[in-house]
Amino acid sequence: MSDKFSKSEKKILLNHFSNADDSVFAITTPQQVDRGALMSRYSRTDKSMRRVFLDEFLANKKRGEEFYTRVLIEYGDDSVAELGAAQIAVEGLSNIAVKKIEDRRIGLSYLEKSSRYVAWNKKENGVYKFYRDSTIMSSKFADKYLESCNLDFDVYSQNFEPMIKYVREKYPIEKYSFKDSSGVEKQFAKLKDSADIKSAEVIYRGSTKAKALDILRGLLPASTLTNVGITGNGRAFEYLLTILYSSDLEEEKILAAKIKRELDSTIKSFVRRSDDKYGKTMQNYLQNIRKTALKFTKRYVSGDSPKMSLTKLVDYEPESAAIDKVITAILYEQSPGIPYHKILSNVKKMSLGKKNQMLLTFSRLRKNRRHRPGRAFEMVNYTFDLINNFGMFRDFHRHRVLTLERQLLTTNHGFKMPKEISILGIDKDFKDCMYKSKEVFKVVRKKHPAHAQYVVNFAYNYPYFMRLNLREACHLIELRTVPQGHIDYRDVAQNMFKEIKKVHPNLSKIIRFVDLKKYELERFESEKRTEEKKRKR
């Protein structure tokens, strides 16, 4: 626990939270305090949720309304269990455990502490904030583990300010233009009004800090502690608990027990099966799946592990057949009771030119990326084989309308080092962190393969595959190529588009708002738009 509350504060908190002294707690506050606003504010601050509540929400009953106004303007039978909803905050969990939680796709929504807005260089009680797994800490590897993680945080912390300084020297504020109070774009040096100058400096500081944090985050180990807010229904929570209880990691089992305790205080009826006889049966089933899959993998799978990143389209169907299915689905809804197979027969008789023109017409109907293609475009599927750095994977992992399977985090596939690391002259320190992590990973993995993940850095490449339909590909690619996106996932999303365009040149035209450009300060234009909206408000 990073916060210590006074007796009077605890008394207040217990009227709004299920406890005031543990890292997992339920939000029980009456509806006059807006829970959604509290959760949203929590994701953009280094404060704990209860501290945010005491500092910002307790005395201001309109805080929720005010916060929503600002955020909306600026940023833009088992089923019965779904009637019970709860919001849970989990603080101080590792990036391994949080990914396990966020693997649950349906019925749960998450807001995790950002690595682009919040620096990770602070110590708590004199130690860096990373998870100290009990299995590792009671083993002969404990000292090596601590040495590796501390080195990561030392290098990160020592270079936080120098990296910001470097970014601001490379991208000086005088290079950029800003809108003044009359809405006219001017170079920074030509701004005269103090409010305009202050606004420009806010934009510049925000975008340059984000750039520096983007560059350095590869140093962080997967043991790095984070916070996550979870909103969901009872059915989804029950399945999440079953998954966590069946884990090989003690951290995840402990989290399951704590989350269950807090859910019992809010939606007990909807999660009661997670640890009863039924739940134990489910846990055994999940463990047996893993053991059986491992047995077959050892028997039948062989090959070398790539030592580099990978974005490869490995499964798709011929475009002619895919187009027929999409056109048929488009026409089906408006057809007067004609079955799918008869419409498909009609479509197959159409000329390719007419079908392509129809696709182009629907593409042109989209005026911005929020105009999502219709469900007809879900008729086409793609499977991508991906090996990208773990820091980047954390962003792609947020997409739910797809099938994603991933392996254990390892050091087998090399790592990604941003060019700025070399320019700043800390490439040796960066590589020392990577090599130390790899050394510790190898010795821990021999006995504890799941636990060894904790020491692996965000920069290490991570293997997973993703199967998604064209509609979701459109959403993912357009969202992850926006100018303010992290350079790593922008590269991968751009390559995904190029792979799809190569095999489906006509269908890919529906992905109309992909951005294939490169940017220096990725968040600059976004920060400008945000500041402009704030000033108008």
Side-chain angles (χ1 to χ4, degrees), residues 1 22-24 90-103 120 123-153 219-228 240-261 274-275 279-280 282-295 297-298 390 394 406-412 433-458 460 462-463:
M1 288 289 296
D22 204 323
S23 61
V24 178
V90 185
E91 299 181 352
L93 74 167
S94 74
N95 269 264
I96 297 299
V98 78
K99 292 307 116 189
K100 178 64 72 68
I101 289 173
E102 291 169 353
D103 276 337
W120 303 67
K123 288 186 176 182
E124 184 177 309
N125 298 322
V127 297
Y128 290 120
K129 291 186 266 188
F130 61 86
Y131 189 71
R132 290 151 174 85
D133 174 74
S134 59
T135 299
I136 295 176
M137 297 310 295
S138 62
S139 74
K140 61 182 179 181
F141 315 120
D143 289 343
K144 286 183 177 293
Y145 176 78
L146 292 174
E147 184 182 343
S148 179
C149 292
N150 279 319
L151 177 62
D152 296 335
F153 277 92
L219 287 160
L220 298 171
S223 58
T224 300
L225 298 179
T226 186
N227 303 330
V228 63
L240 168 63
L241 291 172
T242 305
I243 294 288
L244 293 177
Y245 276 127
S246 68
S247 173
D248 294 328
L249 294 175
E250 191 66 23
E251 178 190 13
E252 293 172 1
K253 293 177 182 178
I254 292 171
L255 281 173
K258 288 188 173 186
I259 293 172
K260 173 64 164 56
R261 181 193 67 204
S274 59
D275 63 349
K280 294 289 194 301
M282 283 296 295
Q283 292 166 36
N284 290 336
Y285 168 67
L286 294 170
Q287 291 167 347
N288 286 333
I289 286 178
R290 288 201 301 273
K291 291 175 183 177
T292 304
L294 179 60
K295 180 179 68 175
T297 300
K298 289 180 177 179
F390 182 62
R394 293 162 69 255
R406 57 197 183 95
Q407 299 175 5
L408 291 179
L409 185 57
T410 75
T411 60
N412 292 351
C433 290
M434 300 302 120
Y435 298 149
K436 183 65 178 177
S437 300
K438 187 171 185 176
E439 173 193 330
V440 178
F441 171 81
K442 283 185 173 180
V443 295
V444 176
R445 181 176 62 171
K446 291 177 182 177
K447 192 172 182 180
H448 307 291
H451 301 74
Q453 296 179 97
Y454 285 115
V455 79
V456 181
N457 307 86
F458 284 15
Y460 271 103
Y462 186 50

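One finds the CG atom of Asn412 at 12.5 Å from the OH atom of Tyr462 (value rounded to the nearest 0.5 Å). Once rounded to the nearest 0.5 Å, the distance linking CD1 of Ile96 with NE2 of His451 reads 11.0 Å. One finds the CG atom of Leu93 at 12.0 Å from the CD1 atom of Ile254 (value rounded to the nearest 0.5 Å). With rounding to the nearest 0.5 Å, the separation of NZ in Lys447 from CD1 in Ile136 is 12.5 Å. Of the inter-residue distances, the one linking Tyr131 atom OH with Glu250 atom CD reads 7.0 Å to the nearest 0.5 angstrom. A distance of 7.0 Å separates CG of Leu225 from OG of Ser223, quoted to the nearest 0.5 Å.
The shortest distance between side-chain heavy atoms of Arg132 and Cys149 does not fall below 4.5 Å. The shortest side-chain heavy-atom distance between Leu146 and Met137 falls under the 4.5 Å cut-off. Taking the side chain as every heavy atom from C-beta outward, Arg445 and Leu408 never approach each other to under 4.5 Å. Looking at Glu251 and Leu255, their side chains come closer than 4.5 Å, going by heavy atoms from C-beta outward. Inter-residue side-chain proximity for Thr226 and Trp120 is flagged as met; some heavy-atom pair is nearer than 4.5 Å. Put simply, the side chain of Ile259 reaches to within 4.5 Å of the side chain of Leu244, judged on heavy atoms. Proximity of Val444 to Tyr145: side-chain heavy atoms (C-beta onward) are nowhere separated by under 4.5 Å. Side-chain atoms of Met434 and Asn457, non-hydrogen and from C-beta on, do get closer than 4.5 Å to each other.
Using cut-offs of 30° and 60° for the angle between ring planes, the Tyr128 and Phe153 rings count as parallel.
Taking each heavy atom of Ala97 and Ser94 in turn, the nearest pair found is N-OG, 3.1 Å. Of all heavy-atom pairs spanning Arg261 and Val24, the tightest one is NH2-O, 3.5 Å. Closest non-hydrogen pair, Ser148 versus Val455, comes out as OG-CG2, 3.4 Å. The minimum heavy-atom distance between Val456 and Phe441, with the atom names listed, is CG2-CD1, 3.6 Å.
Of the possible polar contacts, none joining the Tyr460 side chain to the Pro221 backbone as a donor-acceptor pair under 3.5 Å is found. Formation of a donor-acceptor pair under 3.5 Å by the Gln453 side chain with backbone atoms of Leu409 is found in this model. A donor-acceptor pair is defined here as one N or O able to donate and one able to accept, closer than 3.5 Å; such a pair exists between the side chain of Lys280 and the backbone of Asp275. Using modelled atom types, no side-chain atom of Thr292 and backbone atom of Ile289 make a donor-acceptor pair closer than 3.5 Å. Without hydrogens or angle criteria, Asp152 side chain to Leu220 main chain gives no donor-acceptor distance under 3.5 Å.
Contacts of Lys99 classified as salt bridge (charged side-chain N to carboxylate O under 4.0 Å, His left out), with partners at least two apart in sequence or in another chain: Glu102, Glu112. Listed by chain and residue number, Phe390 satisfy the ring pair (Phe, Tyr, Trp, His ring centres under 6.0 Å) test with Phe458 (two or more places apart in sequence, or in another chain). Taking Thr242 as the reference, Ser274, Met282, Gln283, Leu286 meet the side-chain contact (heavy atoms from CB on, under 4.5 Å) condition, with sequence neighbours excluded. Applying the side-chain contact (heavy atoms from CB on, under 4.5 Å) rule to Ser247 yields the partners Lys100, Leu249, Glu252; only residues at least two apart in sequence or on another chain are considered. The salt bridge (charged side-chain N to carboxylate O under 4.0 Å, His left out) test applied to Arg406 returns Asp103, not counting sequence neighbours.
Here salt bridge (charged side-chain N to carboxylate O under 4.0 Å, His left out) pairs that include residues 136-148, with residues two or more places apart or in two chains, are Lys144-Glu439, Glu147-Lys436.
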